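Reading through the structure tokens given below for one structure.
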Amino acid sequence: MLKITKALGDQNRLRILYLLSEGELCACELEGILSMSQSNVSRHLAKLNEALVTDYRKDAKYSYYRLKRETLKSYPFISSMIESLKGEKIYEEDWKRLQEYKVKNYNCESLKENVLLFMNEERVV
């Protein structure tokens, strides 16, 4: 419980969880959508995995993350917390970028070509 509470105590980790509530995402997708460096995203994902809030699978060179359903069932306050983020500006901006990413059918290969730069014009990666 302490690890979970600590993991939820960071805005960037909450941003990641908010996006993962939509479904599984690759770490590189999170990097682009959140305008965060690979090392920063990896560090936050490691904390979430250590707290058993997220789970991941490897597919070749990509790591795909999702919310860990067993933990959400055992600790329903996590889902409530994620739900309570709706309407807050930073989370809604992230959500809009995720929806644009999906509508345009981008993928990890697209990220290599910097197609998300237009989404992050005001933010520094």
Side-chain angles (χ1 to χ4, degrees):
M1 177 69 124
L2 183 59
K3 283 185 180 183
I4 291 172
T5 305
K6 285 183 178 183
L8 298 177
D10 180 271
Q11 185 177 46
N12 287 323
R13 288 193 283 277
L14 290 176
R15 291 172 70 197
I16 290 169
L17 292 179
Y18 192 70
L19 292 177
L20 292 178
S21 69
E22 170 79 6
E24 184 178 73
L25 290 168
C26 181
C28 63
E29 293 170 317
L30 290 167
E31 292 165 27
I33 293 166
L34 297 172
S35 296
M36 294 170 64
S37 68
Q38 184 273 329
S39 61
N40 200 5
V41 169
S42 292
R43 183 171 40 87
H44 289 303
L45 288 169
K47 290 260 187 199
L48 292 168
N49 279 330
E50 184 180 312
L52 302 177
V53 178
T54 58
D55 198 7
Y56 75 98
R57 67 179 176 86
K58 296 282 283 179
D59 185 6
K61 58 186 172 181
Y62 300 109
S63 295
Y64 293 88
Y65 291 83
R66 62 188 167 273
L67 297 176
K68 190 166 183 141
R69 297 293 168 206
E70 298 84 13
T71 302
L72 296 180
K73 286 179 186 175
S74 297
Y75 302 98
F77 74 89
I78 298 170
S79 295
S80 296
M81 179 180 259
I82 294 169
E83 184 68 24
S84 73
L85 300 174
K86 283 186 179 175
E88 290 193 33
K89 186 177 179 183
I90 192 165
Y91 304 102
E92 292 303 316
E93 288 171 353
D94 292 341
W95 191 263
K96 286 178 187 174
R97 281 191 300 279
L98 173 62
Q99 298 313 311
E100 186 172 351
Y101 175 84
K102 287 184 171 197
V103 165
K104 296 196 177 205
N105 205 28
Y106 291 147
N107 58 35
C108 293
E109 293 301 318
S110 303
L111 290 172
K112 289 181 183 177
E113 298 167 10
N114 296 317
V115 296
L116 289 183
L117 286 179
F118 75 95
M119 290 182 179
N120 302 311
E121 291 173 351
E122 297 176 9
R123 304 170 84 168
V124 178
V125 178

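No experiment lies behind these values; they were computed from the predicted model shown. As a basis for the values below, the full set of heavy atoms in this structure was taken, side chains included, without hydrogen atoms, waters or symmetry mates.
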Sidechain-backbone polar pair: Ser84 side chain, Met81 backbone, donor-acceptor under 3.5 Å: yes
Let me confirm one number: the [atom1]-[atom2] distance from [X] to [Y], rounded to the nearest 0.5 Å.
X	Y	atom1	atom2	value
Asp94	Leu14	CG	CG	11.0 Å
Ile78	Leu17	CD1	CG	8.0 Å
Lys47	Asn12	NZ	CG	13.0 Å
Ser42	Asn49	OG	CG	10.5 Å
Asp55	Glu70	CG	CD	7.5 Å
Ser39	His44	OG	NE2	9.0 Å

Taking all heavy atoms of [X] and all of [Y], pick out the closest pair and write down the distance.
X	Y	result
Val41	Ala27	CG1-O, 4.0 Å
Lys58	Ser63	CD-OG, 3.1 Å
Ile82	Ser21	CG2-CB, 3.9 Å

Using side-chain heavy atoms (C-beta onward) and a distance below 4.5 Å, is [X] in contact with [Y]?
X	Y	value
Ile16	Leu34	yes
Leu45	Tyr56	no
Leu52	Ile4	no
Tyr91	Arg15	yes
Trp95	Glu22	yes

So, Glu29 and Tyr65: side-chain donor and acceptor under 3.5 Å apart, yes or no? no
Polar side chain donor-acceptor pair, Thr54 to Lys68, under 3.5 angstrom: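 Distance-only check fails for Thr54 and Lys68.
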Within a radius of less than 6.0 Å around OH of Tyr64, do more than 12 heavy atoms belonging to other residues, nucleotides or ligands occur?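 Buried by this count: over 12 neighbours within 6.0 Å.
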Quick one: do Arg66 and Arg57 satisfy side-chain contact (heavy atoms from CB on, under 4.5 Å)? Show the steps, please. CA-CA 9 Å; Arg66 62 188 167 273; Arg57 67 179 176 86; 3.8 Å; yes
With hydrophobic residues grouped by side-chain heavy-atom distances under 4.5 Å, do Leu2 and Tyr75 end up in a single group? no
